[in-house]
2 protein chains.
Amino acid sequence: MPEPRESRAGQPPTLRDVAERAEVSAMTASRVLRNDPRVLPATRDRVRAAAAALGYRPNEVARSLRLGRGTGLVGLVVTNLANPFYSRLALGVDSVVAADGLKTVIGNTGQDLDGERDLVADLVARRVDGIIAVPAGSDHRHLAAAADGGVPVVLASRPPEGFDADCVLVDDFGGAREATARLLSRGHRRIGFLGSPPAVHTGTERLRGYTAAHADAGLPADASLVRQGQTEPAAAEHAATQLLALPDPPTALFCSNNRNTIGAFRAIRATGTDTALAGFDDFELADALGLPLTLVDYDSDELGRTAGRLLVERIRERRGEDERQTEGVAAYRRVVMPTGLVEYGS
Amino acid sequence: MPEPRESRAGQPPTLRDVAERAEVSAMTASRVLRNDPRVLPATRDRVRAAAAALGYRPNEVARSLRLGRGTGLVGLVVTNLANPFYSRLALGVDSVVAADGLKTVIGNTGQDLDGERDLVADLVARRVDGIIAVPAGSDHRHLAAAADGGVPVVLASRPPEGFDADCVLVDDFGGAREATARLLSRGHRRIGFLGSPPAVHTGTERLRGYTAAHADAGLPADASLVRQGQTEPAAAEHAATQLLALPDPPTALFCSNNRNTIGAFRAIRATGTDTALAGFDDFELADALGLPLTLVDYDSDELGRTAGRLLVERIRERRGEDERQTEGVAAYRRVVMPTGLVEYGS
DNA sequence: CTGTTAGCGCATTCAT
DNA sequence: ATGAATGCGCTAACAG
């Protein structure tokens, strides 16, 4: 003998609570609240009043389950949110997807490859509508699995390995080549390289650009001046200090990302040499360091926004698929962001 | 005449798919997958094999709905993720809640007060397990509503207004007073103030500290040297430039946050004066600006982690509540992070 | 225009 | 040790 459903305090009101209060069926209440026009205006008002009185908000969890679509969430997989590159990416992504009513779930992996696998699996289990990832390693099977499972995946700043997906890249090779060429054109012949671990795609592409610039100029690139593996400024500073302490030290350094550039800057300042400095990624206060500085610049906000747009398109496509015929996936897209050089300093 | 459920390609496998493949009931499969011991080892293995073969992952949406608890998501409400203060906060929060299997949903409001209201309501509708917020304004009714609705709320860097909740604060008043006092002790008598809009709690507290330091020293604080309302470095630079252009300009500036400090730095450098500079918040490269700089420092990562911990405790408390008696909420906690001064520069 | 039936995927309760 | 029934909150698909 079920009691007449009392809206228990503490528990959020359900559709049925609203329906009972308005003395209609749950279905009618549902229609009103989703603005289905096929309801008598008088009834509509009663339901609306009841919902307002109860402070009713539809349970999105139940809604997701029933509708079978996703949850309106987008997963964002990055290695280190404290790095301004990633936080700007996150902001760019969020600004675009939010316009489609989607929210962003962040997954910060901190370089942990296994963690990234679990994270992606968990996002899929949570039925996110899509995933934007900057994978830490070059093994992308976990992302491939997600994509196979029907979850749209967009990669940012790295191309997919071993599967197909949309991606937004930066012209890593071209930018690095151009910056290195500029150092060479200024007469530098021994140029050190500081970069991320070899497994990171951008790092190796940027190293390729550095090497290519040397080849373009008909000059050798001295492998003993290449230091890869630094992820944080402290490590980069250490590596740079080592390079500057060589018997025949480099007269210039090229760094593959902002973490390494900052570390190298500190090393140069500390040793008091007048080593020239160039690097990939612009960063706040780069103009204020009192040192000449050549940076490879690109629109990092736009990178995030583009990733967001690519994902939103795929999500829309998937939503439509139910109604239309399954017409195969549109070709995967690869957007490459151009780079430019900026000069800072005295 | 229902077909024997074929695991349709593209659609993720369900518990029933696993059960059929293992030739058991859905219930048994469910038990196995949740490590319920009351299953025959042989059956257990069959189910596990079937799940592995199908790549089964439980649908977390359905799980949430059934269990009636939250979704394992934590909402994080901030105004600007591009500001390193907020991205560090996000990282600190995420690192703590992730240890409890929770994921962080970011909501970036960009100072939009209405947007913040909607965002919070949406997070509640999505059944997040809790919310950590740095509200943009001083009207906290939307947060109060969430808290009333049974969603634990923790405020970071601002105290709750008009309702009760846990919060983590920085010693805004004390830090600002100390920094201003230091400027005064160096003989500065005209100290400008640059800060966020008056509605921002931290800004007004820090202004109070600035004023108190003057009072402590028995000196007047000249209201005409106070500029509030700057949110970004460009605006701060503009305001600082105005101050420095006064007939009787300040000989020192105190800034209520890193955005204003950076703007003030640019203004000082551009005008070439030797104005002393102090500010709230440490920031990357503050040591490299070639200017003496006094900063109020605190552990901003710990701030995020503390907020995360407070929230996790509340969430655990709520989980337990079902089983135990409803024993009332533990008293709300207010953690204040201490500040210190750091000196940078030549 | 409104209500009834049914089920999304899973887990709790109660059988067997 | 296993299974059947039931319902979380919501909404399509069909009545009426």
Side-chain angles (χ1 to χ4, degrees), chain A residues 2-3 5 7-8 11-47 50-51 54 56-72 124-127 149-150 319 322-323, chain B residues 2-3 5 7-8 11-47 50-51 54 56-72 124-127 149 322-323:
Chain A
E3 295 274 327
R5 189 190 193 77
S7 49
R8 313 120 300 177
Q11 299 290 57
T14 76
L15 188 57
R16 287 180 38 186
D17 295 326
V18 175
E20 281 177 17
R21 196 171 215 274
E23 299 179 296
V24 295
S25 76
M27 207 45 243
T28 302
S30 173
R31 288 200 182 92
V32 171
L33 296 166
R34 276 174 305 123
N35 296 315
D36 188 317
R38 306 171 305 173
V39 181
L40 214 59
T43 330
R44 176 194 316 275
D45 292 343
R46 283 216 319 286
V47 173
L54 263 43
Y56 172 78
R57 296 233 71 201
N59 182 333
E60 291 296 336
V61 176
R63 224 150 174 293
S64 300
L65 181 60
R66 176 64 241 243
L67 296 178
R69 306 195 211 137
T71 48
V124 173
R126 285 188 142 88
R127 295 299 187 270
R319 280 188 192 139
D322 302 329
E323 290 130 39
Chain B
E3 294 272 329
R5 189 189 193 78
S7 47
R8 313 119 300 178
Q11 299 292 55
T14 76
L15 190 57
R16 285 178 41 185
D17 295 326
V18 175
E20 280 176 17
R21 195 170 214 274
E23 298 179 294
V24 295
S25 76
M27 220 30 258
T28 303
S30 174
R31 287 199 182 94
V32 171
L33 296 165
R34 275 173 307 121
N35 297 314
D36 189 317
R38 306 172 306 173
V39 181
L40 214 58
T43 329
R44 178 196 314 275
D45 293 343
R46 283 218 317 286
V47 173
L54 264 44
Y56 171 79
R57 297 231 70 201
N59 182 332
E60 290 297 335
V61 175
R63 239 167 121 47
S64 299
L65 180 61
R66 176 64 242 243
L67 296 177
R69 307 198 207 136
T71 47
V124 173
R126 285 186 141 86
R127 295 301 188 269
D322 304 328
E323 290 130 39

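Each chain gets a letter, A, B and so on, in the order its sequence line appears, and its residues count up from 1. Note that this is a predicted model, so its numbers are computed, not measured.
In this structure a side-chain-to-backbone donor-acceptor pair under 3.5 Å is present from B:Arg44 to B:Val39.
Residue B:Leu15 is in sugar-phosphate contact alone, with no base atom involved, counting any heavy-atom pair closer than 4.0 Å across all strands shown.
OP1 or OP2 of D:dT11 has not a single side-chain nitrogen or oxygen of A:Arg69 nearer than 4.0 Å. An OP1 or OP2 oxygen of D:dT11 is reached within less than 4.0 angstrom by a side-chain nitrogen or oxygen of A:Arg63. For A:Arg66, no side-chain nitrogen or oxygen approaches OP1 or OP2 of D:dG7 to under 4.0 Å. Distances shown here put a side-chain N or O of A:Tyr56 below 4.0 Å from the OP1 or OP2 atom of D:dC10. Listed pair A:Arg34 / D:dT11 meets the phosphate criterion, a side-chain N or O lying under 4.0 Å from OP1 or OP2. A close approach under 4.0 Å does not occur between any side-chain nitrogen or oxygen of B:Ser30 and OP1 or OP2 of C:dC10.
Contact of the A:Asn59 side chain with the A:Thr14 side chain is not registered, since no non-hydrogen atoms from C-beta on lie closer than 4.5 Å. B:Thr71 is not listed as a side-chain neighbour of B:Arg126, based on a closest heavy-atom distance of 4.5 Å or more. Residues A:Pro12 and B:Arg127 are in side-chain contact: their nearest non-hydrogen atoms beyond the backbone lie under 4.5 Å apart.
Taking a cutoff of 4.0 Å between a charged side-chain nitrogen and a carboxylate oxygen, B:Asp36 and B:Arg34 do not qualify as a salt bridge.
Whole-Å rounding puts the B:Leu67 CG to D:dG9 P distance at 12 Å. Residue B:Leu33 contributes atom CG, which lies 15 Å from atom P of C:dG9 at whole-angstrom precision. As a whole-Å value, the separation of B:Asp17 CG from C:dC10 C1' is 13 Å. In this structure, A:Asp36 places its CG atom 13 Å from P of D:dA13, rounding to the nearest Å. Rounded to a whole Å, the CD atom of A:Glu20 is 15 Å from the C1' atom of C:dG3. With rounding to whole Å, B:Leu65 atom CG is found 12 Å from C:dG9 atom P. B:Arg16 has its CZ atom 6 Å from the P atom of C:dC8, to the nearest Å.
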Write down the protein N/O and nucleotide N/O pairs, taken from nucleotides 1-3 of chain D, whose separation is under 3.5 Å; answer none if there are no such pairs.
from, atom 1, to, atom 2, distance (Å)
D:dT2, OP1, B:Thr43, OG1, 2.6
D:dT2, OP2, B:Leu40, N, 2.6
D:dG3, OP2, B:Ser25, N, 2.9
D:dG3, OP2, B:Ser25, OG, 3.1
D:dG3, OP2, B:Thr28, OG1, 2.6
D:dG3, N7, B:Arg31, NH1, 3.4
D:dG3, O6, B:Arg31, NH2, 2.6

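Atoms CG and CD, from B:Leu65 and B:Glu60 in turn, are 12.5 Å apart once rounded to the nearest 0.5 Å. Atoms CG and CG, on A:Leu54 and A:Leu15 in that order, are 11.0 Å from each other to the nearest 0.5 Å.
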